[in-house]
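Residue numbers start from 1 in every chain, and the chains themselves are labelled A, B, ... in the order their sequence lines are given, proteins ahead of strands. This structure is a prediction, so every number in the text was calculated from the model and none was measured. Quick note: numbers below take in every heavy atom, side chains included, and nothing from hydrogens, waters or symmetry partners.
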Amino acid sequence: MEKRYYQPEIETMPVADLQALQSEKLVKQVRHVYNNVPYYRALMEKKGVTPDDIRSIADLHKLPFITKADLRETYPDGLLAVPKEECVRIHSTSGTTGKRVIAYYTQHDIDLWDDCCARAIVATGGSKKDVLQVAYGYGLFTGGMGLHGGGHKVGCMTLPMSSGNTDRQIQFMTDLNATILCCTPSYAAYIGESLREQGIKPEENTLRAGIFGAEPWTEEMRHDIEKSLGIKAYDIYGLTELSGPGVAFECEAQTGMHINEDHFIAEIIDPDTGEVLPLGSVGELVFTSLDKEAFPLLRYRTRDICRLTREECPCGRTHIKMCKPMGRSDDMLIIRGVNVFPSQIETVLINEGYSPNYQILVDRQNHNDTIDINVELLPDQFDDTVKGIVQREEKLEAALRAMLGIGPRVHLVAPKSIQRSEGKAVRVIDKRTLH
Amino acid sequence: MAVRQLNVFVENKSGAVAQITELLSANQIDIRAMVLADTPDYGILRLIVSDTDKAVAVLEAEHIITKVIGITIVRIKNEHGGLSRVLAILRDNNISIEYMYAFVAVSGEEAFAALRFENKEAALHVLNEHNVPILHSEME
């Protein structure tokens with residue numbers, strides 16, 4: 001019989017038992033962090049809370065939050081909770097030196113992360129008979145190594161393709177009869193389009209499922225991908241700060257993503273007041289990592305706006321579900337899976353001698369994110385040749401690519417041509433309809 | 001001294017060139033020659049006008065970007081093969097042209113070619129060597 005769960009005893013554990021397990025782990029984790037991370041200990045002392053005050057998950061709200069600003073402040077290892085020699089790997093978020101976050105892993109941390117990804121693979125009907133094509137980027141980005149580790153746990157034949165080189169992706173997919181594709185949804189759409197261009201019909205490939213995440217995508221996009229690849233497409237959610245993909249994953253019901261609650265406690269808070277909101281409310285998603293040894297974040301504010309539900313799921317899993325994130329409580333954009341802050345773009349413009357009058361236009365064409373930046377030209381930057389202006393645009397594009405990790409198109413425009421607004425400037429026009 | 005060419009950055013929107021010519025006309029500035037380079041995003045209007053400094057002041061007051069450069073203008077007999085002979089000399093001496101445009105004098109007897117070179121000094125040297133007449137700043 002087909003195995004429906006990777007770890008059935010945990011994935012279908014009665015909610016009361018699950019919460020008791022969370023309480024037990026939380027008490028231990030708070031002590032671990034308090035004793036080993038001076039920065040977090042100081043945050044707790046400032047809030048007047050000690051490990052003795054945390055006796056169960058009901059006391060979670062007493063703990064201080066950890067934010068992206070804390071992560072920046074403690075770069076590169078101020079939140080590390082074990083001696084460095086216990087760590088076996090790091091991953092890092094995309095972004096600049098200022099925004100970069102280094103996440104550390106012990107072997108135990110890698111194992112639990114791989115387990116989370118294995119659960120996601122098995123939830124798609126995956127087993128050792130599957131050929132798992134991992135077309136997420138390998139390297140500092142968690143996507144590739146995460147699903148790769150999950151594939152090993154399940155026993156799939158894992159193809160460590162990394163992203164890009166689409167012709168080779170298609171060749172391996174075809175020649176090795178890949179059955180599950182893992183990548184960003186926009187890359188899945190691109191592969192689908194390339195297959196069509198090569199005259200390969202959806203029913204001719206051997207793929208049957210896809211595990212797609214790391215960027216926002218719509219139901220409409222899911223249907224298009226399912227149609228173009230002839231598969232069932234599953235969503236996966238994760239953050240480098242917590243481990244990587246697999247913090248939550250979709251089951252066959254596809255009515256939200258089950259959060260791996262034995263490893264992570266999810267809360268929804270009011271982003272303005274920090275107050276915990278009742279189950280079912282829309283607010284900012286906050287995670288507490290219960291099992292991580294090296295980089296255990298307590299009450300980490302994700303900035304993702306989301307809703308949690310705990311209803312009986314036909315798949316039999318008891319873990320709470322999160323909806324697709326509905327937006328961000330900060331100004332971060334996710335473009336082709338990469339986190340982009342308008343402030344990063346502004347920094348490059350100023351460094352390159354441009355005016356801070358600019359506008360970011362984000363769109364999605366054929367399921368691929370596009371980013372165009374209009375920048376006002378300053379009088380002394382004008383050249384009488386088209387070549388001179390094109391060279392300026394190219395130089396700026398290269399500087400932005402180096403900073404952001406993705407390549408935007410730059411358009412130099414006339415002074416005063418970007419609309420000024422009365423109050424806060426409208427810097428970003430996001431035409432994608434993702435939420 | 002070469003003739004001064006006024007370059008204007010033109011927004012890609014309808015009426016952008018008309019706005020410029022109206023400003024010049026309202027300030028009694030005459031246009032001697034004009035050419036528009038277009039790209040999908042913007043245009044570059046290149047002008048030779050009767051009063052370059054005044055034109056710059058008028059346009060800049062409207063936040064229009066300008067740049068004045070020296071352009072080489074050669075005098076060509078308005079006859080068959082006139083321009084071709086000059087271009088052949090430049091080609092044979094490996095002189096690259098960034099862009100150019102030509103216009104005919106009011107009398108109709110003479111024509112002019114405005115040339116923007118990659119290496120202006122080398123170009124002038126070659127033109128002088130071959131006795132190609134070059135127009136100086138008398139046009140303004």
Side-chain angles (χ1 to χ4, degrees), chain A residues 345 348-350 352-363 365 370-401 407-422 425-427 429 431, chain B residues 2-20 23 33-49 52 55-73 96-101 114-120:
Chain A
I345 292 170
V348 174
L349 295 181
I350 290 165
E352 296 287 315
Y354 288 88
S355 78
N357 292 317
Y358 62 95
Q359 199 155 49
I360 303 164
L361 304 160
V362 185
D363 205 349
Q365 286 167 3
T370 61
I371 171 166
D372 288 71
I373 304 172
N374 290 335
V375 184
E376 286 187 3
L377 197 62
L378 292 170
D380 60 345
Q381 293 166 335
F382 177 43
D383 192 280
D384 67 306
T385 62
V386 174
K387 189 169 85 183
I389 296 178
V390 169
Q391 279 169 352
R392 274 199 162 273
E393 288 176 336
E394 285 172 350
K395 184 165 177 274
L396 190 50
E397 283 170 357
L400 286 163
R401 197 179 312 120
R409 281 264 296 137
V410 166
H411 309 273
L412 294 174
V413 300
K416 312 265 174 200
S417 66
I418 291 173
Q419 217 176 353
R420 307 295 197 267
S421 65
E422 295 292 311
V426 182
R427 291 282 180 233
I429 298 175
K431 295 184 192 161
Chain B
V3 170
R4 296 206 293 163
Q5 174 183 284
L6 171 65
N7 303 283
V8 186
F9 187 77
V10 186
E11 266 185 83
N12 185 9
K13 67 172 191 200
S14 62
V17 177
Q19 187 204 355
I20 294 161
L23 281 168
M34 166 173 155
V35 66
L36 178 68
D38 68 299
T39 76
D41 290 335
Y42 55 85
I44 302 172
L45 191 62
R46 297 162 185 145
L47 298 156
I48 297 172
V49 296
T52 307
V56 167
V58 164
L59 295 173
E60 282 187 352
E62 295 297 319
H63 305 293
I64 294 169
I65 290 191
T66 63
K67 182 181 183 178
V68 176
I69 62 148
I71 188 97
T72 307
I73 299 196
S96 297
I97 299 168
E98 292 267 9
Y99 60 80
M100 65 167 290
Y101 52 98
L115 296 150
R116 170 78 147 90
F117 298 110
E118 235 174 51
N119 183 344
K120 194 168 156 190

Just by distance, with hydrogens left out, do Asp41(B) and Thr39(B) show a side-chain donor and acceptor under 3.5 Å apart?
no
At a 4.5 Å cut-off on heavy atoms, which part of Val413(A) comes close to chain B: side chain, backbone, both, or neither?
backbone
Answer yes or no on whether Arg46(B) is positioned over the face of Tyr99(B), meaning its NZ or CZ is under 6.0 Å from the six-membered ring centre and within 45° of the axis.
yes
Asn374(A) versus chain B, the contacting section by heavy-atom distance below 4.5 Å
neither
Of the backbone (N, CA, C, O) and the side chain (C-beta and beyond), which part of Tyr42(B) lies under 4.5 Å from a heavy atom of chain A, both, or neither?
side chain
Do the side-chain N and O atoms of Arg116(B) and Tyr101(B) include a donor-acceptor pair separated by under 3.5 angstrom?
no
Glu376(A) vs Lys416(A), salt bridge (charged side-chain N to carboxylate O under 4.0 Å, His left out): CA-CA, chis, key distance, verdict:
CA-CA 7 Å; Glu376(A) 286 187 3; Lys416(A) 312 265 174 200; over 6 Å; no
Considering only heavy atoms, which portion of Leu378(A) lies under 4.5 Å from any heavy atom of chain B: side chain, backbone, both, or neither?
backbone
Which region of Val10(B), side chain (C-beta onward) or backbone (N, CA, C, O), has a non-hydrogen atom less than 4.5 Å from a non-hydrogen atom of chain A, or is it both or neither?
neither
The interface call for Glu60(B) against chain A, heavy-atom contacts under 4.5 Å, is neither
I'd like to know if Lys120(B) pairs up with Glu98(B) as an ion pair, taking the criterion as any Lys NZ or Arg NE/NH1/NH2 lying under 4.0 Å from an Asp or Glu carboxylate oxygen.
no
